[in-house]
Amino acid sequence: MTFQVPAGTLIETGAHISRIDNGHYRRECAERFESVISQTHAGETPWTFTELEWGHDFVEEILHPTSEHQSIRESLASQNLEMGDLVILTEFRRLRLKLDLTVVDLDVWTQDAALRAAVDEVRQR
């Protein structure tokens, strides 16, 4: 089993850490987060980072996803999905196209109800 961490997850996690009110806990979390990133980069964890292909096609897919409620405008205006979530979804959709889904079970682990629903919608297609 291979776990991959999408770039959007790094963005989201960093944003959550920066919003911690208590400076001591914020610094402690930032240090642990940096350590996990360093260990992953060094190949010392059971997961890797997904390759981010941040180019014209990637941005086009964020702008025009297959589901209207996953669009930037609709997601941000309705406070349904944050930008990091949209990047995670785009990475997830793109990775699904590269894999044989009859052999691989690809999913996104999340406790965020809105992101979970969006991932499940993509999986049903």
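All residue numbers refer to positions in the sequence shown, counting from 1. In this text the structure is predicted, and so the values were computed from the model without any measurement.
- Thr50 OG1 to Arg94 CZ: the interatomic distance, rounded to the nearest 0.5 Å, is 11.0 Å.
- Across every non-hydrogen atom of Arg26 and Ile17, the tightest pair is CG-O, 3.2 Å.
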Quiz item: Would Gln70 and Arg93 satisfy side-chain contact (heavy atoms from CB on, under 4.5 Å), going step by step from the backbone distance to the final call?
Solution: CA-CA 12 Å; Gln70 293 175 6; Arg93 283 192 300 267; 2.9 Å; yes
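- The side chain to side chain contact (heavy atoms under 4.5 Å, CB included) test with Ile88 singles out one residue from Asp112, Val108, Thr110, and that residue is Val108.
- The structure places CD1 of Ile20 at 10.5 Å from OH of Tyr25, a figure rounded to the nearest 0.5 Å.
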Quiz prompt | Check against salt bridge (charged side-chain N to carboxylate O under 4.0 Å, His left out), Lys98 and Glu91 | solution = CA-CA 11 Å; Lys98 295 178 183 178; Glu91 288 181 86; over 6 Å; no
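- Note: Phe92 CZ to Leu97 CG = 10.5 Å, rounded to the nearest 0.5 Å.
- Across all their heavy atoms, Leu81 and Ala118 have their closest contact at CD1-CB, 4.1 Å.
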Exercise. Starting from the C-alpha separation in whole Å, work towards a yes-or-no answer on side-chain contact (heavy atoms from CB on, under 4.5 Å) for Phe3 and Thr45.
Key: CA-CA 10 Å; Phe3 292 99; Thr45 60; over 6 Å; no
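- Within the model, atoms CG of Leu86 and CD of Glu12 stand 9.0 Å from one another, a figure rounded to the nearest 0.5 Å.
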Quiz item: Is there a side-chain contact (heavy atoms from CB on, under 4.5 Å) between Val5 and Thr48 once you walk through the steps?
Solution: CA-CA 6 Å; Val5 179; Thr48 62; over 6 Å; no
Exercise. Kindly indicate, with the supporting measurements, whether the criterion side-chain contact (heavy atoms from CB on, under 4.5 Å) is fulfilled by Val119 and Val122.
Key: CA-CA 5 Å; Val119 167; Val122 171; 5.7 Å; no
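- Taking a 6.0 Å sphere around CZ of Arg19, one finds it holds more than 12 heavy atoms contributed by other residues, nucleotides or ligands.
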